Every structure is written in C-alpha cells, then in structure tokens.
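Working notes, beginning with the structure itself.
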Amino acid sequence: MNSSMRQRPIVAALLATTMIAGLTAVPAVAQDAAAPLAAPATTAAPAAQGTIRSITVTGTQRLEPDTVLSYTKLRIGQPYSQESLDQGLRDLYETELFADVQIRNDNGALTVEVKENPVINRIVLEGNKRLKDDKIRPEIKLAPRQIYTRSKVRADVARIVELYRRQGRFAATIEPKMVQLDQNRVDIVFEISEGPKSKVRQINIIGNDKFSDGELRSEMVTKQSRWFRIFSSGTSYDPDRLAYDQQKLRQFYLTEGYADFRVISAVAELTPDKQDFIITYVVEEGDRYKFGDVKVESDIRDLSGESLTKRLPMKTGDWYNAKLVEDTVDTLSETAGLFGYAFADVQPDFNRNKEDLTMGINFRIANAPRVYVERVDINGNTLTQDKVIRREFRLAEGDAFNSFLVKRSKDRINSLGFFQEKLDIEQKPGSAPDRIVLETNVQEKSTGELSLSAGFSSLERFIVAASITQRNFRGKGQELRTSVNYSAYSKSIEVGFTEPYFMDKNIALGGDIYRRDLNSFRYLTNNDRDTTYEQTTTGFQIRAGVPITEYMSLALRYSLNFDDVTLDEDTYYSNGQCDPLLAGRYLCDAIGKRTTSSVGYSLIYDTRDNRIRPTRGNNVVLSQDFAGLGGDVKYVKTRLSASKFWPLGGGFIFSLSGEGGYIHSLEGERRDASGALVEKVRLVDRFFLGEPQFRGFDIRGVGPRVKRYYLTAETDEDGASTGNYIRTNSNNNISDDALGGKIYYLARAEVQIPLGSAAREMGLRPSVFVDAGAVAGIKDPDTINFAGYCAPGTGAPTGSTTVRADGTARAPICPANYTFSGGNFEEEYLGDTLKPRLSVGFGVNWNSPFGPFRIDIAKALLKEPGDDNKLITFNVGTQF
C-alpha cells in the first residue's frame, strides 16, 4: 500500500470467529464511527398511527429512488406505525447496499436518507510470503467494481484463513481494512500475518496397556516435531491426517488380534501461543482373539470349498489378524477370476465368541455365472494406435475371463513405456450377466526425446552428446534413434531402428549402423591419464526376435565390425616398429586391422512386472556370439545374466542379480614379433570389470594388469650413487595397464529405499548395495625388467645393446667401449585371480533439473594386489 493510501481514513474492518480443534479464537473487530455495525434508531419521535402522505428518498448515487423503496413495504396511502418504520429500516440494511440509513417522519411525510456502500476499486494483499498472490486471489470472491459488503469481506477472510490452515498455519490472522477514495470508492486491503507453521508438539495416548506409546506412534503418519525430523512433512498438523491416523491405529490392533479395539476420542488442542498442537488419543484395547473354525463354502461348482479351506493361510488357534482376512478375500476373488468368474462375491461371515475369545470365519463364495470378454475398450490414446495396445493384451473378445491374464496384460502395457504409471484396466458388466467389458484407460506421456547435453563424468571427464529418439514412432510402437557423443576418451555416432511387430506379426526386427572411436588410457602421476591404444570400430548389426512362450523369447543377430587398433608412433615406436620397452608387449600385440563377422543369439526368460522399473519377477538371459563367419577373428563368447526382484512392503524393493561370461578363441597359436607365444584372445575382445558396473573400484580397476614401476638411483648417506635402482613406492613413478580377462563374474544385492511423495516427484531413488566379482584367465604376459642401454662409445661398433636388470635391478657393467644409459623400470603382472572382490555402499539416482544424476559411495572390503579402488563415483549431465 502506497503512502498516500495509508493517510486515508480507515472506515471498516473485520470480524471472525474461528473454531480450531475445539478451541475458540475471537479476533478483535476494528470499527469506524462512520460505519455502524447495527442499525440506529430512527430519528423521528414516536407518533400515533397515521397514513403515509409522501415518501422522499435522498442520498442515492447509483440507485434510483424507486429501487430503494422497492426493498421496503412502505407505500403512499398506507397506514404506518413505529414498528413498520423500524421494519423498513431493517429491510434496507439487509440488502447490504447501504452503509447508513435513516427514516425521518414529518406527520406522514417520510424522508428516507441513505448512504450507499462504496464500490470496490481494487483488492490489495499485504504480508503474504509463504502463499503467493496467485494462490490466494482465486479464494477471494470480492472483485473490483463490485459493491462492498461486510458479509462478503467476512466470507473472503474465512476462505483465506482456511487456505492457510490447509498449509498448516493455524496461527495465521487476516485483518481486512477499507481505504476510502473519492467518488465513493474504496480499496480493500487484506493485511495478513502468516505466523509459523503449526507443528505437532506432542502425541499423547491414553488407555494403551499392551503396546507402548512409541510403538503406536510409529504406526501413525503424523509424527512429533523433533530436531531430527526437520525435513519431514509428517510433523505438521493436518486434521485429515488425524482421522487417517485413527484408522491406522485400528488396523494395527486388528492385525494383532484385538477385534474389539476402538478409539474413544481424538482431540487436537492448539497451544496458547498458537504455535503447535497437542494431540490426545483415548483408546480402548479390549481382549485379544484367536482364530476359531475357519472354512470356505463355495456355491461355484468349479471351486471346491474343501480344497480351498486347506489352502487358507490362517489356522485355528492362530492369533486373529484382520489384514490376513482381507488378503484372503482378495485371494479367493482372484482364484475365482482364474476360472472365469469375474464377479464372484466373497463374503466372510464372522462368529465372535467372547467366552473363549475366538473368531470363527466362514468365507462364503456366492454362485456367479462364468464370464466372457464381450469387448476391450481403450481410452486416452491420442497418438498410440489401438493395435499397439491391443497386441499386448493376453485376452481377446470372446475369451473366457481370467484375472491373471488381465494383470499380465497390464504389466505388458506398462513395460512399453508409452504411458503414465496410473494405467488401469477396469472390469465393467457387459450386456449380459455372463459378459464383461475390459476398459483400459491410458494416459500418454512423451516418448520422443530431442536433446543436446553437456556434462561431467568421473569416467570420461567432459561429455557432449546430441540425440534424437522416438520410442513410439508414428504411434506404431517403433523405435527410431540417432546419437552423437563426444568426450575426452570416446566418440561415437549411431543410427538405429526397431520394428517390434514386423508385418503385424509377433516378430521384432531392427538394425544399427555405427562408428565408435575409443581412446584407451592408463593411470599415471597423481591419477592423471595417458592415452594408450586407439580403437576405431565401424560396423552394423541386424537383429530379430521371436517369442517362444509368454515369458520366453529368442533374439538373433548378425554383426560385422571393422576394427583398427593403433598406437601413437611418436610415443611408442622406435625404428618404425612398436617398441615393447615403450608400450609393453601386450599393447604391441593389440595393434592392427581386423574384421569381425559374428552371429549370435540370446535366450530370454522374463517375468518382471515392469521392464523399466521392476518391483517383482525374474529375468534370465543366455547369450552366445560366434565370430569366424568370415573375417579375421574367431571366438565363442558366452554370457549368462539373471536377476530377481522382491517387494518387501512399505515401498522397499530387494533385488539379487548376477552375470558372468567366458570367451574362447577358435584360432591357433599366436606369436609376437619376437616369436614368443601370446594370449590368443586379443586385448580388445576381452572382458573388463570396474566402474561403473562394479562400484567401489575404478574403471577397469579389477583383474589382470601390468604395473610398470620406474626406478630411481639409490644413494648412500653422502649422496653418492650405490649403483642400485630401487622403487620409490610412489604413484608418481607407476603406470597401470589393465589387460582384461577371458572369464568374469559379477553379483549384486540391492535394496531400493522408498521416500516420501515429494522425494518421489523429484525423482530421488536411493539404495544400498553389495557388489562382488572378479575377472581373470589370460596367459601371463612376458613382463620386462629393464635397466637401460649400453650405448657405444667413441670408435665402438654402431648400434646398442639392450640389457635386462637382475633380481636386484642393479645396473649392469657395460662391455668395453660402451657406456650405460639409464631409463630403468620393472614390470609386475598382478590381479589374475578369480578370488572375489567385494564392495558395499549406497547410491542415489536423481532426475535433477540439470539432467540425470547418479552418485555412488562404495567401500572396497575385499581386493587383490593391483586392484584400483575408488570411493565416490558420479555422473551428471544437463540439457540446454
């Protein structure tokens, strides 16, 4: 409100009586003398009854005099009395059109003097910080150019107060003020004092003997406000939550056998400072019951009551559990649905015996007709074609209803990833008692992605990527994708297409064309990296997939790759050849051009309820690739992976997964340039293990490797050289090359931890995990212990002699006319063992505003000499 507005007189204010959880708060009411709250007495002196001779209306501005008189029963020629004049006065006030009304009587000549209520110029909100104007204004019914009335202001105040109460701010007060303007106009100012958010200071429970207050509080959604719950939304008072907590208490006691439990009262009291609430429950626990006789009676001929009774989860003598009864009703209904009885009515009849404290239950399955699917309706799909959804249904028109197949259809549609997770298949009665309509309501979500991203990865440093992906191309379920990626150590471009139902047959067909450039690296001083070999792969792959059963499918593929592996000649070559002293024999052996032509298959068994975010089910994949159908490389590569998911309740999901692989060369013996035997499986075809799949270890941080230790000259106390060369055990003098292996395994156990609804909306998904694995199985490389060169001196023959260090790495004595040239190092082969490495840790996935973010903190508990562990790994990207 501006300064000129504050100088204008305040002519009216508010009211309000607010009841909060049994407490009454009455705010003070400011009143201006010019705006009386009650009708004043008429100024005319009491007179004897007479006849109205004339009526004059004065003071009107917007209203016509006849309109004013129409609100009263006073008419010329009619008799009047003091009571009728008072009634006319009340009638005019009840219209709420007038701020002041007076009726003057001069022996039957009546003068009605009115002062009209002002017109609202604007509505002003002051003091609201927690709730912005756009949240409050929709609750205000007063508007500019309307006539001001106190009742409308009171109603608006009550609505704003209620809005703050929904936010948990019960101490909020609203003081309306009216600022007079010219031409009988006013500004309405709502001065808001929001106050603090009301917390639950204490939860008291009276009448509980069997369970402690702490046990019962743990069952409630509402929590007591404590410092360690500063991020919890459950500490705020919510009257709806109060009723829900009563239901939670009932459920808890009923699951523990207390069938007579009841909540006598639940009272929430606002503290005198209006800051917090104290909630008090008075409960009556009652006696604890056991199950009596439990049985099933079925009027459906296909369901045997005796057989179903044997499968009941509860037995006579067990403690009564109401939740178990509810689950049993659902299970019996689903069982009836498996036999085609969609509308089977299962009712539990309770027989409570208060003498021996038993609860007998008779589950009665009423007779119902066997149901057939009349039709399948699909609603909500504007882009996706009906056939894309219908082909995932396991039921068609005319089929016998089966509740299991309905659930399976829902899981398959969810796994498409085209729709929101609120997918629902409703079962509605058809045109006859034995007909059912399956109504599928879907809500489509975006399936196309056009993104440019930049980010930072602990694997590859800075990353730039561009991709276009449409997972539901033309609404036919086809996938079309193209991507370009660039980072310090890898570059790629790829185009792919997949048709899941080729020629409307249940056959998937797809292909990819790609070019990938990889710069491998090794770790050097202070975790720096040095590029070793460069691998360029150009190729394509053709894929096909066919289902074998409902849960098993077969995928076939053919790949043709052209690989070129090179080393930097300036760094690793001498005399035009790869120098093992500079690169290592294993790197010199990897270089060259080769063609790999391979055919492969994957046998897949998948019962997961959702392929994107599974909560239950299994997934097993056996894959084999055979290289040698032409080309230069021949091998058989076999992989096996399996995973299983269990819902633990409360949103927790436990998963176990494992994978392993073995590659066997079909080639003959291979020798290096010196004629020595080398590993037949080439370096670029082997398995590697480490970050990101094995958390707690660095990239390629597990398994066989050669570490080269650069030696320094040993000196005595006087600083003179002793002629020995020693390790300094410093990372500054070590290079590390991972060699991979022919066999590997990796196992994981992980628990996904649920968070509140707000965290789920943010995309936060934390988990704790244990990883174990290893990679090994290659031929020991020919390591080098190198002490330097004996270079020819003056007059000596040309050339030089390479000499190896002995076990003590002592520099050799050079022949005559040769001088020693240093450059000493030792190589050590480590890590070639299948002994398990083990790590434990926790991680968080977050769909942040900057893009997907994943961070893992893992501690390596078991490792072997040579392994490179790493505590924290993360990946983050952003879209712009």
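Quantities reported herein were computed from a predicted structural model and do not represent experimental measurements. What you see below is based on every heavy atom in this structure, not just the backbone, and it leaves out hydrogens, waters and symmetry mates.
Among residues two or more places apart in sequence or in another chain, the salt bridge (Lys or Arg N to Asp or Glu O under 4.0 Å) test is passed with R352 by D260. Listed by chain and number, the residues in a side-chain contact (heavy atoms from CB on, under 4.5 Å) with D213 are I205, N208, R217 (sequence neighbours excluded). Applying the salt bridge (Lys or Arg N to Asp or Glu O under 4.0 Å) rule to R169 yields no partners; only residues at least two apart in sequence or on another chain are considered. For N414, the side-chain contact (heavy atoms from CB on, under 4.5 Å) partners at least two apart in sequence or on another chain are K410, L423, N610. In this structure T309 satisfies the side-chain contact (heavy atoms from CB on, under 4.5 Å) test together with K295, V296, L312, sequence neighbours excluded. Among residues two or more places apart in sequence or in another chain, the side-chain contact (heavy atoms from CB on, under 4.5 Å) test is passed with S409 by F393, R394, I425.
Side-chain atoms of T615 and D609 include a donor-acceptor pair closer than 3.5 Å. In the model, Q752 has no side-chain atom that pairs as donor or acceptor with a side-chain atom of S767 under 3.5 Å. A side-chain N or O of Y253 and one of E285 form a donor-acceptor pair less than 3.5 Å apart. Side chains of N618 and D606: a donor-acceptor N/O pair is absent below 3.5 angstrom, by distance only. Judged purely by distance below 3.5 Å, without hydrogens or angles, the side chains of E194 and Y164 pair a donor atom with an acceptor atom.
Atoms CG and CD, on L357 and E355 in that order, are 9.5 Å from each other to the nearest 0.5 Å. In this structure, CD1 in I361 is found 10.0 Å from CG in N351, a value given to the nearest 0.5 Å. A distance of 9.0 Å separates CG in D856 from CD in E691, rounded to the nearest 0.5 Å. Between the NZ atom in K197 and the OG atom in S225 there is a gap of 11.5 Å [rounded to 0.5 Å]. Put simply, CD on E191 and CD1 on I174 are 10.5 Å apart, with the number rounded to the nearest 0.5 Å. Taking CZ of R250 as the reference point, atom CZ of R262 lies at 10.5 Å (rounded to 0.5 Å).
Among all heavy-atom pairs drawn from S218 and K223, the shortest one is O-NZ, 3.4 Å. The shortest heavy-atom contact between G292 and T316 is O-OG1, 2.8 Å. In terms of heavy atoms, P836 sits closest to L862 at O-CB, 3.9 Å. Closest approach of V267 and E269 over heavy atoms only: CG1-CG, 3.9 Å. Across all their heavy atoms, V157 and F190 have their closest contact at CG2-CE2, 3.8 Å. In this structure, A344 and A336 approach most closely via the heavy-atom pair CB-CB, 3.6 Å.
In this structure a side-chain-to-backbone donor-acceptor pair under 3.5 Å is missing from T255 to N321. Under the 3.5 Å distance criterion, the side-chain polar atoms of D698 are left unmatched by any main-chain donor or acceptor of G701.
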Quiz item: Would R412 and R408 satisfy side-chain contact (heavy atoms from CB on, under 4.5 Å), going step by step from the backbone distance to the final call?
Solution: CA-CA 6 Å; R412 288 179 64 93; R408 176 62 180 166; 3.7 Å; yes
Self-check item: Audit row: N128, D133, side-chain hydrogen bond (donor to acceptor under 3.5 Å, both in side chains) steps and yes/no
Solution: CA-CA 8 Å; N128 56 308; D133 287 9; 2.7 Å; yes
Practice problem: Please report the C-alpha distance between W319 and Y258 in whole Å, then the side-chain angles of each, then the deciding distance to 0.1 Å, and finally whether the side-chain contact (heavy atoms from CB on, under 4.5 Å) criterion is met. | Solution: CA-CA 9 Å; W319 289 113; Y258 294 88; over 6 Å; no
Exercise. Show your reasoning for whether side-chain contact (heavy atoms from CB on, under 4.5 Å) applies to V325 and F291.
Key: CA-CA 10 Å; V325 175; F291 281 110; 4.0 Å; yes
Practice problem: Kindly determine whether E750 and R695 satisfy salt bridge (Lys or Arg N to Asp or Glu O under 4.0 Å), including the steps that lead there. | Solution: CA-CA 12 Å; E750 189 162 5; R695 295 159 291 194; 3.7 Å; yes
Practice problem: Using the side-chain contact (heavy atoms from CB on, under 4.5 Å) rule, take I160 and I136 through it: C-alpha gap first, then chi angles, then the decisive distance, then the call. | Solution: CA-CA 7 Å; I160 298 174; I136 299 177; 4.0 Å; yes
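Remark: E306 CD is loosely packed, at most 12 non-hydrogen atoms of other residues, nucleotides or ligands lying under 6.0 Å away. Within 6.0 Å of the NZ atom in K315, the count of heavy atoms belonging to other residues, nucleotides or ligands exceeds 12. Atom CG of D293 has 12 or fewer heavy atoms from other residues, nucleotides or ligands within 6.0 Å. Residue-environment remark: CZ (R311) stays at or below the threshold of 12 foreign heavy atoms within 6.0 Å.
Taking the centre of each ring, F339 and F401 stay at or above the 6.0 Å mark. The distance between the ring centers of Y237 and F277 falls below 6.0 angstrom.
For the pair K141/R159, a side-chain contact is recorded, criterion being any heavy-atom separation below 4.5 Å from C-beta on. Side chains of F645 and L656 form no contact here, defined as non-hydrogen atoms less than 4.5 Å apart. The shortest distance between side-chain heavy atoms of L324 and P313 falls below 4.5 Å. Counting heavy atoms from C-beta outward, T271 and I278 have side chains that approach closer than 4.5 Å. No side-chain heavy atom of L249 sits less than 4.5 Å from a side-chain heavy atom of D245. At least one side-chain heavy atom of T335 sits under 4.5 Å from a side-chain heavy atom of L303. Counting heavy atoms from C-beta on, the side chains of D867 and R837 come closer than 4.5 Å. Between T235 and Q224, every side-chain heavy-atom pair lies at or beyond the 4.5 Å cut-off.
One finds no salt bridge joining E215 and K210 here, because no Lys/Arg side-chain nitrogen approaches an Asp/Glu carboxylate oxygen to under 4.0 Å. Salt-bridge formation is detected for the pair R165/E162: a Lys NZ or Arg NE/NH1/NH2 atom is positioned less than 4.0 Å from an Asp or Glu carboxylate oxygen. With salt bridges taken as basic N to acidic carboxylate O contacts below 4.0 Å, none links K248 and E219.
Ring geometry for F654 against W646 counts as parallel: the plane angle stays under 30°, on a 0 to 90° scale with 60° as the upper cut.
Within the cation-pi definition used here (under 6.0 Å to the ring centroid, within 45° of the axis), R748 does not qualify as a partner of F769.
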